[in-house]
2 protein chains.
Amino acid sequence: MNSLEKMLSLLDVFTPAVPVWSTDDLIRWSGASRSTCYRYVKVLQDAGLLTPVAQGAYMLGPRIIELDRNVRASDPVYTGGGPPMVKLATRTRQSAMLCILFSDTVMCVRDFRHRDAPEEMFARGQRRPLFVGAASKVMLPYLAAHQQRTLYAKHRKSIAAAGMGSDWEGFRKYLAQVREAGHCITRGEFSPGIVGIAAPLFNGAGDVLGSMGLVFHHAKVTKAEFPRLAQAVMSAAQEATERIGSGAHGADRPARAVG
Amino acid sequence: MNSLEKMLSLLDVFTPAVPVWSTDDLIRWSGASRSTCYRYVKVLQDAGLLTPVAQGAYMLGPRIIELDRNVRASDPVYTGGGPPMVKLATRTRQSAMLCILFSDTVMCVRDFRHRDAPEEMFARGQRRPLFVGAASKVMLPYLAAHQQRTLYAKHRKSIAAAGMGSDWEGFRKYLAQVREAGHCITRGEFSPGIVGIAAPLFNGAGDVLGSMGLVFHHAKVTKAEFPRLAQAVMSAAQEATERIGSGAHGADRPARAVG
DNA sequence: TCAAAAAATCCCACATTGATGGATATCGCG
DNA sequence: CGCGATATCCATCAATGTGGGATTTTTTGA
């Protein structure tokens, strides 16, 4: 761990459970000397990543809020997908979300909670594993060939455990089925009774950028309605794709180094 | 500028205007050698603050979204003030926002845009100067005495330019008036024609944590309605203060090192 | 407003590592 | 799949990060 990494690791201690840290606690936690830890804190504070609060303590700082604003403004999934997602949620009376891939996780970047949204539904800033849930699975078939290969090589166990293929051919077959359907439906993968229906979003060149999905408790929707909901999701996702393709929605670069 | 600062300064180049930077551009911008710049980028990527995207470029990364989520979850102004703010906006049919102080700026942490919200209205993540606008001014009278003194000493020119007192006594008198009113009304301070009405939010110990306000174009509301709106703002702010005081809304530490 | 306590900065020699310019390995894309 | 682009590796040494007190500044509460 070099000094750059040590400094940044200080950010990791600020969680919703323990959002305030005194200087002494930070020094203790960091394992560095007092002077060195003060130095790290000072740089983070000057950069706005930490902010001083009463009683000599620190919390995460305003620069994070600003950077997140920049992320939102630049993310075509967020800006291009937002209005169609809200429309979808309103029309179907279910909760909806937009997700993207980062490395080996899927992250929710925008959510719209309808009345009675499942408690377990994930929200902006939360990550989930890559091989669980419709929002993630529906993106995988559209990744570049080399990305799929890398994914498979790194995660064959998780893929098999998720029932997505016990070998490369099985995985490809699974992906082809999802691709053929144009959407993905999962039940009980994050929590018992929770259903996800998701469809992919693309940029103008046809690269997958993210996914849009609905989440609901299976007691709220009969299975006979799934096809209709899937159609609505695909339709809204197509609308989002068109908005993204118009070029007015930030930087439409697909993820690299996936897996 | 030490290496820690240089590394973090790379984050500053990622703006909504230029959200994607190639490695070569970053190297050029940083002024460091190729190896050094790659080293910085690698640490930032490993920490999740940058993410690789297609064509060898980088964008701001997922950790920012997560950290912002942590900020939201811990901020009593955001969580405690949110529902009363939405209620206020709905009831008055105007746009509303929540703000807090950071160092020498005021930042919006939550906003609710009603139909016909002014274009200029600021939003989560945006900063404004400390001595302009109701959202900021209404917090100043409640700062600790030493903070007011420091503020005055550092910013006497801005304070005078803002018409908030040409000397210390004048400034204190101005603050006392705002304090006595329990709210603040400003017109045209950010933009011509834009009115702000704001009231402060406090923690259980009576320290100021932030402010809640309405924003509208003066053509939309007659001056005769200002007192009624001010009353509604104060009432909603009081409700937020009570919610914050219940202790269920994050870390209610007031800002330190203000100014 | 004041004074004591707490927090933050300063100091500077030297131990440690950050920086660097090619060589080499790995990854991405068509 | 193969080649060009990107990222990592290497090892010396110049540069700076480190640390334990002393000192200064800020905060807190009466």
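When reading the values below, keep in mind they use all heavy atoms of this one structure, side chains included, and skip hydrogens, waters and symmetry mates. This is a predicted model, so every value here is computed, not measured.
Within the 3.5 Å criterion, the main-chain N or O of B:Y78 finds a donor-acceptor partner in the side chain of B:R110. Panel note: side chain B:Q148, backbone B:A145; no donor-acceptor pair is recorded below 3.5 Å.
Contact check, A:T23 against C:dA8: a side-chain N or O comes under 4.0 Å of OP1 or OP2. Using a 4.0 Å cut-off, no side-chain N or O of B:H146 falls inside it from OP1 or OP2 of D:dT26. Look at B:Y38 and you'll find a side-chain N or O under 4.0 angstrom from OP1 or OP2 of D:dA7.
Atom CG of A:D25 is separated from atom P of C:dA8 by 13 Å (rounded to the nearest Å). Going from atom CG of A:L143 over to atom P of C:dG28 covers 12 Å, rounded to whole Å. The interatomic distance linking B:Q147 (CD) with D:dT26 (C1') rounds to 10 Å, in whole Å. Separating the CG atom of A:N2 from the P atom of D:dC9 is a distance of 13 Å, rounded to the nearest angstrom. In this structure, NZ of B:K42 is placed 12 Å from C1' of D:dC9, rounded to the nearest angstrom. If you take CZ of B:R149 and C1' of D:dG29, they are 13 Å apart, rounded to a whole angstrom. Distance CZ (B:R256) to C1' (D:dT28): 11 Å, rounded to an integer number of Å. Whole-Å rounding puts the A:I27 CD1 to C:dA7 P distance at 9 Å.
For a distance-only test at 3.5 Å, the side chain of B:S35 qualifies as a donor-acceptor partner of the base of D:dC9. A donor N or O paired with an acceptor N or O is found under 3.5 Å between the base of D:dT8 and the side-chain atoms of B:R34.
At the heavy-atom level, B:S3 lies under 4.0 Å from the strands shown only through sugar-phosphate atoms. In this structure, A:A257 reaches the sugar-phosphate backbone alone: every heavy-atom distance under 4.0 Å involves primed, P, OP1 or OP2 atoms, never a base. The residue B:Q55 sits close only to the backbone: its heavy atoms come under 4.0 Å of sugar-phosphate atoms, none of a base.
Two residues, B:G56 and B:S33, neighbour DNA chain C, and the one matched to the more 5' nucleotide by heavy-atom proximity is B:S33. Between A:K6 and A:V53, it is A:K6 whose nearest contact on DNA chain D lies nearer the 5' terminus. Comparing A:Y40 and A:A145 along DNA chain D, the residue whose closest nucleotide (by nearest heavy atom) sits nearer the 5' end is A:A145.
No hydrogens or angles considered: nothing links the side chains of A:S9 and A:D12 as a donor-acceptor pair under 3.5 Å.
Between B:F202 and B:Y142, the ring-plane angle classifies as perpendicular under the 30° and 60° cut-offs. Using cut-offs of 30° and 60° for the angle between ring planes, the A:F131 and A:F171 rings count as perpendicular.
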